[in-house]
Protein chains: 2
Amino acid sequence: MSDEFVVKSDPELWEKLGMDVARFSGMPPMLTNAYRNIFLSQQNRPERMAYFDDMVANIHTGRIQEIYDAKEGGKPVIGTFCVYVPEELVVAAGGICIGLCGGAQGSIADAEKILPRNICPMVKSAFGFKVGKICPYFQVVDLVYGETTCDAKKKTWELLDRYVPTHVMEIPQMKRERDKRLWVEEVKDFKVAVDRITGNETDFEAVAGGIRTINAKRAALQRLNALRHHTPSPISGRDMLIIQQIAFYDEPVRFTEKVHELCDELEKRVQDGVAIAPKETPRILVSGTPMALPNWKLHYIIESAGAVVVNEESCIGTRYYKDLIDEGAADMDQQLERLTERYMKIDCSCFTPNDDRIDQVIREFEASGAEGIIDYCLQFCHTYNIEAVKLREACEARGIPFMAIETDYSPDDMGQLQTRVEAFIEQIKG
Amino acid sequence: MSDEFVVKSDPELWEKLGMDVARFSGMPPMLTNAYRNIFLSQQNRPERMAYFDDMVANIHTGRIQEIYDAKEGGKPVIGTFCVYVPEELVVAAGGICIGLCGGAQGSIADAEKILPRNICPMVKSAFGFKVGKICPYFQVVDLVYGETTCDAKKKTWELLDRYVPTHVMEIPQMKRERDKRLWVEEVKDFKVAVDRITGNETDFEAVAGGIRTINAKRAALQRLNALRHHTPSPISGRDMLIIQQIAFYDEPVRFTEKVHELCDELEKRVQDGVAIAPKETPRILVSGTPMALPNWKLHYIIESAGAVVVNEESCIGTRYYKDLIDEGAADMDQQLERLTERYMKIDCSCFTPNDDRIDQVIREFEASGAEGIIDYCLQFCHTYNIEAVKLREACEARGIPFMAIETDYSPDDMGQLQTRVEAFIEQIKG
């Protein structure tokens, strides 16, 4: 099966999107190789992973074609960089919302021609994808909607706006009543920006539909993550990571269905005692900053070292789906307020104080049957980096093995990370 | 005169403040040395600098004693880290407001025992001063009032609160009507926190008095900076920097008087053609991040290389005093609203968009008769670092020589900076 897997190419479609086709054509073969090595080399994967493998094979073609067709049909296509921008309202308008965070080293040099080097690799990678015209998703969007959740992103949007229309949602830095009032207004502005593309104001029923669709998607991911918590795990951390990454670009109704089909299979696996690794395999919870496609570096290191990742406390992880929106609103004002209340529960380190997150990590540690926590901090991400001080203390107080790493997308520190991760796993086994 | 200058010691007072006296006692001699070398070695300084030299000599003793006595007398003493926290309201309550930003390498190792290394040296220095108990100002305050103007500060306050009561003012990230509404509420909270210390609510007249006092101080600094802009400059950049640093800990009425006395002398110097350096001396505007006491590194390098610094577009610089508060309010609500409006004019890079700042730098460049801009970015300060992209473009468009540097408090890069600054000055002389 591994040899059959190929990430597809469609230079004609890419040309239509204004991409740098010559340069981009090297990307699918690279991705093919990496995916075969990291994912398809695993033994005893669930059969229902086939759909998600296929989503990767079609990442630059089939899915782009779907989005392109939708856009041609007048549907809004919005790019975002953060789980705080409410995709429910895009879906309500019949549109498509795509997570544009960048997880590749290959676009960073493009970014560094303009941006400082000393900032987050995710921001640089995303910016570089646009500047270099080497991401079909960036090319297909009507506009992008950034936010103010960190210093580097907030200021980068001012420059990104030169390449693609970039709106910004102000996310407050505290969670009091006055912050909520501001936040609700930001959500309303977002709705206006989305509706402007279709020329129609989405009504109460449409918003209710968008909320139901995304609630269902998040609920499916909750079910999947709960199944994965079983000891021994019926699915690898790598496969869980790719599914959570695909959640940011797949069509949500289809994705939800496919996640449930996989869950059915995993339930059977659990009943039959089929696991991805023996039950004595050390179990790691990864907390911290998000891992955008194709950033599989840490999971690959951890699982190659003989452990299994059993939870991602991350934006590409539980922060994305742990909370649902109350569907009982009576009118649109209430609807948008309840939507905002759900978003206010997301415990990003950009808030102060944010101690709920520490409690949440510990809860997820307990629920997942993890035996140690590796806190993953993208380089120069000050908020998660400083918050790791409190997380370490919470772990030490409970005797939970804890290790914090700060890294970027470069392969340069792979050897050093391998050594540290292996020592950490030995400590857990000890 | 240089040999007479000594930064004074008062171990008994420091003991009362709970300082690490043994360790701190090395500080005054170090400061004495540095001040003699950097400041007192200058030729032909204005005579009225004697007051400011004296403020430095008493920085750890006489001024601390004044603040200590005020506190013993029930006056609120508040430490701040940012020009967004309104000192007018502290003065209105009869209290003392002190800028606690740290500018010394010596306290950074203390901070790095707890905080990540990859963050701003100013934040680490300030935090380290408190943790190490080696700053009398940190020891004498009732409480500190932080804000949310950058990721590193925002998250550090959560940890600082363990060592000294730390309140946080949420500064919004945009400047629209909804942001102003939130901001006014934050200002009101600050007033409540200050008034709680005295047990009395400051009234309209008291607030009006606080506003008049600080307006007068800012106006005096405006007058001084305008005189300094004369070609050739009647005062050095170093001396201007120390005065602007002293503005953050001196008693404001006395300070204002002394600044005006110096201005009178500078006016006479200008009339008499007395200058700190010949008129052909290259003139540099420094823009960017603040230089907290005793951070004199860049000014020393620039002026040792044969140029003169003629303007600081910085929080310890024009951002602190370029705007005054409208004194015509009819009641306290209006008063606090006008106060907030003044604070909203400060053009910190934490705002998005912040293009007014670019225009302001260019205006100050023109007003100061500068011939080149050196943009100073504290290491890992993402917002100023990214905003420098726009500033560079604005300079290039106008043919203004521009150089951006990113540095910390360590002496390690002194040689490299000297070389770059010398080359930049040669380019200006061109």
Side-chain angles (χ1 to χ4, degrees), chain A residues 113-120 123 127 146-159 161-162 166 168-179 181-186 189 349-355 377 379-390 392-393 404 406, chain B residues 113-120 123 127 146-159 161-162 166 168-179 181-186 189 349-355 377 379-390 392-393 404 406:
Chain A
K113 284 179 199 157
I114 298 163
L115 291 174
R117 300 173 71 94
N118 271 0
I119 63 167
C120 165
V123 175
F127 187 76
E147 23 52 55
T148 58
T149 53
C150 74
D151 291 346
K153 289 206 282 184
K154 175 170 66 179
K155 298 304 283 186
T156 296
W157 307 149
E158 296 176 21
L159 302 174
D161 188 44
R162 298 168 174 187
T166 303
V168 181
M169 174 177 285
E170 182 176 8
I171 304 291
Q173 305 180 77
M174 294 184 180
K175 293 182 175 176
R176 302 154 308 170
E177 189 54 34
R178 72 185 65 156
D179 299 296
R181 285 199 300 272
L182 187 142
W183 202 328
V184 168
E185 292 188 64
E186 297 294 317
D189 282 358
S349 61
C350 67
F351 286 91
T352 187
N354 192 43
D355 293 340
C377 185
Q379 213 174 15
F380 309 120
C381 176
H382 300 330
T383 61
Y384 279 98
N385 207 352
I386 299 175
E387 199 156 284
V389 174
K390 285 193 172 182
R392 177 186 295 278
E393 290 170 348
E406 186 182 352
Chain B
K113 284 180 197 155
I114 298 162
L115 292 174
R117 301 173 70 93
N118 271 1
I119 63 168
C120 164
V123 175
F127 187 77
E147 22 52 54
T148 59
T149 53
C150 75
D151 290 347
K153 288 207 282 184
K154 175 169 66 178
K155 299 304 283 186
T156 296
W157 308 149
E158 298 176 20
L159 302 174
D161 187 44
R162 299 168 174 186
T166 303
V168 182
M169 174 177 284
E170 183 175 8
I171 303 292
Q173 306 180 76
M174 295 185 179
K175 292 181 175 177
R176 303 153 307 172
E177 188 53 35
R178 70 184 67 154
D179 299 296
R181 286 199 299 273
L182 186 141
W183 202 329
V184 168
E185 293 188 65
E186 297 293 317
D189 283 357
S349 61
C350 67
F351 286 91
T352 187
N354 191 43
D355 293 340
C377 185
Q379 213 176 14
F380 310 120
C381 176
H382 300 331
T383 60
Y384 279 98
N385 207 351
I386 298 175
E387 199 157 283
V389 174
K390 286 193 172 180
R392 178 186 295 280
E393 289 170 349
E406 186 183 352

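Fair warning: this is a prediction, and the values are worked out from it, not measured in the lab. The sequence lines fix the lettering, A, B, ..., with proteins before strands; numbering per chain opens at 1.
For E186(B), the parts lying near chain A are the backbone and the side chain together; criterion is any non-hydrogen pair under 4.5 Å. Interface residue C350(B): backbone and side-chain heavy atoms are both found under 4.5 Å from chain A. Contact of I171(B) with chain A is made through the backbone alone, with heavy-atom distances under 4.5 Å. For E393(B), the part sitting under 4.5 Å from any heavy atom of chain A is the side chain, from C-beta outward, and nothing else. Neither the backbone nor the side chain of R117(B) comes within less than 4.5 Å of any heavy atom of chain A. With a threshold of 4.5 angstrom between heavy atoms, V389(B) approaches chain A through side-chain atoms but not through N, CA, C or O.
Considering only heavy-atom pairs separated by less than 4.5 Å from chain A, the leading option among I119(B), T148(B), D355(B) is T148(B). Put simply, of V168(B), I114(B), L115(B), D179(B), the one with the most heavy-atom pairs under 4.5 Å next to chain A is D179(B).
Nearest heavy-atom pair, I386(B) versus A152(A), reported as atom, atom and distance to 0.1 Å: CD1-O, 3.5 Å.
Every ring pair (Phe, Tyr, Trp, His ring centres under 6.0 Å) that F127(B) has, sequence neighbours left out, goes to Y163(B).
Under the 3.5 Å distance criterion, the side-chain polar atoms of D151(B) are left unmatched by any main-chain donor or acceptor of C150(A).
Contact of the V123(B) side chain with the H382(A) side chain is not registered, since no non-hydrogen atoms from C-beta on lie closer than 4.5 Å. With a 4.5 Å cut-off on side-chain heavy atoms, K155(B) and N354(A) count as touching. Considering only heavy atoms from C-beta on, L159(A) comes within 4.5 Å of K390(B) through its side chain.
Checked against E170(A) for a side chain to side chain donor-acceptor pair (under 3.5 Å), the options R178(B), Q173(B), R176(B) give a single hit: R176(B).
For the atom pair OG1 of T352(A) and CD of E158(B), the computed distance is 3.5 Å after rounding to the nearest 0.5 Å.
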